[in-house]
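Treat the numbers as computed from the prediction; the structure is a model and nothing was measured. FYI, side chains are in, hydrogens and waters are out, and symmetry mates aren't considered; it's all heavy atoms of this structure.
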Number of protein chains: 2
Amino acid sequence: MSTPLAHIVDDDEAIRDALTWLFRTREVASAEWSSAEEFLAAWQPDWRGCIVLDIRMREMSGLECFDVLQEQGNTLPVIFLTGHGDVPMAVGALKKGAFDFLEKPFEDNALVDVVIRALAKDAKRQASQASQASVANHLALLTPREQEVMNLVLAGKFNKVIADELNISMRTVEVHRARVFEKMGVRSAVELAQLLAPSREKGSGSSGEH
Amino acid sequence: MSTPLAHIVDDDEAIRDALTWLFRTREVASAEWSSAEEFLAAWQPDWRGCIVLDIRMREMSGLECFDVLQEQGNTLPVIFLTGHGDVPMAVGALKKGAFDFLEKPFEDNALVDVVIRALAKDAKRQASQASQASVANHLALLTPREQEVMNLVLAGKFNKVIADELNISMRTVEVHRARVFEKMGVRSAVELAQLLAPSREKGSGSSGEH
DNA sequence: GACTCAATTGTGGTCATCCGCAGTGTGGAA
DNA sequence: TTCCACACTGCGGATGACCACAATTGAGTC
């Protein structure tokens, strides 16, 4: 598990140096990448933090880099920097899920504020995702039969009915049911329902809701 | 309950006429408003549809109008139109929850597409909100004591424990419990937990997530 | 004062859940 | 072949949930 970093992706060394210095003085941990390609090659899905991405770069542009990242399941907030962006570009970026879009020249304070908010957002997302992942892990420990029984339990059916539908005895259902509770770390069907309810909402959409 | 309308808010009659004509040919129902003030005076929280809002207007600007609307709990998607918007303006609007931000001149098709997506989004939101509102209504039918018991039931506690905590007899808890199930239209604690789980997530944030 | 509603309680019974004990059968891994 | 995970089953008992019947009290209304 990596520590949260503000990843600076810019092919202009002067800007990278300036941003690194800026972040260091504000006690924001950061990393530098001199091109989109370099960053993409290193990027890992489990990274924490945010991305400060220059749009105009020599090879791959920031926008292209962003698209690749999103396709690969990136969840880090992306803050675009640009010298001469136009409105459609900014609108498009935000609608695709970018966190912010800043035009140069910008105030140091403005950028740091945005980065801090982005880091906070990622921390939040990370926390909520961790609990969901934990549930998923527990769920994976269930045998197929146990999952089957669990679903019927969550449907509010009596053990008797479940036994009937699965053509097994009530006693067997009870055993599966008990194992499900044990493995999921709950002590009643109600707790189970509450534990699973959030993740059972359909469509766990990531960002672009337009 | 009003029918879904694309509300055109613009003080330029020529543009209103053009948009009205455009929407009519695309079978999108619309309404015209010649100023932000006029629209705000008429606006009702239960309106369906979307808002096409010109930014540059004589008295109140589209951005100001938008702020007022959001404060009053507007949920309709807002599409901004502008002749000469700048990037910070667009970014700010989107981050405050605007649905889209189009610069004139725009393609008729582009605007209609955006409006149709906005209408679809509102329809979706409306549907999900309706079911939540229904749950809330049922919840409001519960007496204070019943809600108290319900919460303890949802905490997975036994009737005996609940009786203890409330200093009442088990029998009374059973009665409250039965009334809760009846009023909420469910037949088991599991169903109740599932019914309430979505709305029990903290923070029913409306739009601006930044 | 009659009436309604929320909250309360008891009795006695049925049905469901939970659990320990004890055991069978199958298929895959060591 | 032995071991193990998984699925399956029966018995019996303790405990919890649910329900019909029957009733009391206090607050607020008509």
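- Counting heavy-atom neighbours within 6.0 Å of B:Arg26 CZ, excluding the residue itself, gives a total above 12.
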Just the atom pairs and distances: protein N or O near nucleotides 5-7 of chain D's N or O, under 3.5 Å.
{"unit_1": "D:dA7", "atom_1": "OP1", "unit_2": "A:Thr143", "atom_2": "OG1", "d": "3.0"}
{"unit_1": "D:dA7", "atom_1": "OP1", "unit_2": "A:Arg145", "atom_2": "N", "d": "3.3"}
{"unit_1": "D:dA7", "atom_1": "OP2", "unit_2": "A:Thr143", "atom_2": "OG1", "d": "2.5"}

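- One axis for each end of the helix from C:dG1-D:dC30 to C:dA30-D:dT1, each built from five base pairs, and the angle between them comes to 40° at 10° resolution.
- For B:Phe66, the ring-ring contact (aromatic ring centres under 6.0 Å, His included) test picks out B:Phe80, with sequence neighbours left out.
- Judged as a salt bridge (Lys or Arg N to Asp or Glu O under 4.0 Å), the pairs with a partner in residues 146-170 of chain B (not counting sequence neighbours) are, in order, B:Arg145-B:Glu148, B:Glu146-B:Lys183, B:Lys157-B:Glu165.
- Partners of A:Arg177 by salt bridge (charged side-chain N to carboxylate O under 4.0 Å, His left out), not counting sequence neighbours: none found.
- Using the six-membered ring where Trp is involved, A:His7 and A:Trp33 have ring planes that are tilted, between 30° and 60° apart.
- In this view, B:Asp122 and B:Arg125 satisfy the side-chain hydrogen bond (donor to acceptor under 3.5 Å, both in side chains) rule, not counting sequence neighbours.
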Measure all distances between protein nitrogen or oxygen atoms and nitrogen or oxygen atoms of nucleotides 27-30 of chain D, and list the pairs falling under 3.5 Å.
none

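- Taking the ring-ring contact (aromatic ring centres under 6.0 Å, His included) definition, one finds that A:Phe23 meets it with nothing, sequence neighbours left out.
- Side-chain atoms of B:Leu53 and B:Asp10, non-hydrogen and from C-beta on, never get closer than 4.5 Å to each other.
- For A:Glu59, the side-chain hydrogen bond (donor to acceptor under 3.5 Å, both in side chains) test picks out no residue, with sequence neighbours left out.
- Under the side-chain hydrogen bond (donor to acceptor under 3.5 Å, both in side chains) criterion, A:Ser61 pairs with no residue at all, not counting sequence neighbours.
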Taking only N/O atoms, report every protein-nucleotides 12-17 of chain C pair under 3.5 Å with atom names and distance.
{"unit_1": "C:dT17", "atom_1": "OP2", "unit_2": "A:Asn159", "atom_2": "N", "d": "3.2"}
{"unit_1": "C:dT17", "atom_1": "OP2", "unit_2": "A:Asn159", "atom_2": "ND2", "d": "3.4"}

message = I'd like to compare against my own output: the B/S/- annotation of nucleotides 23-30 of chain C with a strict under-4.0 Å heavy-atom distance to protein.
response = --------
